[in-house]
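Before any comments, here is the structure.
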Amino acid sequence: MAIKCIGILTSGGDAPGMNAAIRAVTRTAIYNGYQVKGIMRGYHGLVTGEIVEFKSQSVSNIIQKGGTILKTARSKEFRTEEGRRQAYENMKAAGIDALVVIGGDGSLSGAQLFAEEFDVPIVGLPGTIDNDVDGTDETIGYDTALNTIVDAVDKLRDTASSHERLFFVEVMGNTAGYLALNGAIASGAEAAIIPERDTQVDQLADLINNGFRKSKNSAIVLVAENKATGGALGLAQRIKQEFPEYDARVTILGHLQRGGSPTAKDRILASKMGATAIEALSEGQRNVMIGIKNGELVYVPFKKAIAHSSQMDLKDLEIVKILSM
Ligand code: F6P
């Protein structure tokens, strides 16, 4: 069946650049003769039928804004078969033939299931600050979040060095350590403690004994939020007990990392991916995510995108260590 009307939604945690992606999808679709509808609050809005007509002007003046004008949610109803059936019926009633879903791995998993169950053409865009989607070198929002981390660490560095303190800065990432690792490289932090590293290695003792104790009076350690790392509070607690000679402090950056105006890099990525999503649907592609690999836009089957099988390059931890000597 020929596609006439495309629905767009953003789902899961918001990410800076989602608006740039919405704008690119909407305008490229209209340019190519499609009708566009915006679905509010992610899959939740599909289940409840919150669907609005989108014109070219609906996406004016949003490229520079963080968050998502479509709002977002983590829908419980859509996890049930009954919810997804309701979503399909609402989608059909609104005349939507295909979907563009912008979100992280959870949202793409939902898209894959929905596409399989109801034979709906869906193209996904990786929108998450976590960068934990396979088949793409970067996700929309990751660069902006990294820059937010760098700004914060630059400020913390001033006070850390004045007081000669050890700072644990907890960053987001869900189960992944990309924000911690690359945030550490970009900010010149002394270490990154990430869940991808072998749990047999005591990353904290390693830091204290092989770096901090020898040459530094102050240090900043980026810690990925995760049970495996103990989080920043857990590590500070250990310092109190095991290395009481150090004066440790904790900063949890939290949802700060999700906000802000997207960087030029995220705007460009989102714009290119959004335009490519419409190209993909026009070519008859379905159940694929748009990824970027070595600078090339590629189609990644949903199954591969959500597999979590790609390995982080742990050699980069060595770079953090060497460069902070
Ligand atoms: O997936 C994005 C993310 O910000 C993760 O880094 C974090 O673990 C999670 O979302 C927080 O979710 P919420 O906004 O629902 O607290």
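Counting starts at 1 for both ligands and their atoms, following the listed order. Just so it is clear, the values below take in all heavy atoms, side chains as well, and ignore hydrogens, waters and symmetry mates.
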**Message:** Could you identify the single nearest non-hydrogen protein atom to atom 8 (O) of ligand 1 and state the distance to 0.1 Å?
**Reply:** Glu225 OE2, 2.5 Å
**Prompt:** Which atoms from ligand 1 have a heavy atom of Gly173 less than 4.0 Å away?
**Reply:** 6 (O)
I'd like a table of donor-acceptor pairs (distance under 3.5 Å, sequence neighbours excluded) in which one partner is a side-chain atom from residues 311-319, with atom names and distances.
residue	atom	partner	partner atom	Å
Asp313	OD1	Lys315	N	3.1

**Item:** Student check: side-chain heavy atoms of Glu77 and Gln86 closer than 4.5 Å
**Value:** no
**For atom 11 (C) of ligand 1, the protein heavy atom that lies nearest, with its residue and separation** = Arg258 NH1, 3.6 Å
**Message:** Minimum distance, heavy atoms only, to atom 14 (O) of ligand 1: which one of Gln257, His255, Met172 is it?
**Reply:** His255
**Message:** For atom 6 (O) of ligand 1, what is the closest protein heavy atom, and at what distance to 0.1 Å?
**Reply:** Asp130 OD1, 2.7 Å
**Request:** Count the heavy atoms of every other residue, nucleotide or ligand shown that sit under 6.0 Å from CD of Glu283, and state whether that count exceeds 12.
**Result:** yes
**Request:** Quick one: name the residues clustered hydrophobically with Ile306, using the 4.5 Å side-chain heavy-atom rule over I, L, V, M, F, W, Y, and just say none if it's on its own.
**Result:** Leu9, Ile39, Tyr43, Leu46, Val47, Ile51, Phe78, Tyr88, Met91, Ile96, Leu99, Val101, Leu108, Phe114, Phe118, Val120, Ile122, Val133, Met289, Val298, Val300, Phe302
**Request:** Ignoring hydrogens and angles, tell me if any N or O in the side chain of Asp266 forms a donor-acceptor pair with the backbone of Thr144 under 3.5 Å.
**Result:** yes
**Fill in**
If we number the atoms of ligand 1 from 1 as shown, the ones under 4.0 Å from a heavy atom of Asn174 are 5 (C), 6 (O), 8 (O)
**Prompt:** Starting from atom 9 (C) of ligand 1, which protein heavy atom do you reach first, and at what distance in Å?
**Reply:** Arg74 NH2, 3.8 Å
**Test item: side-chain donor near acceptor, Arg84 and Ser75, under 3.5 Å** = no
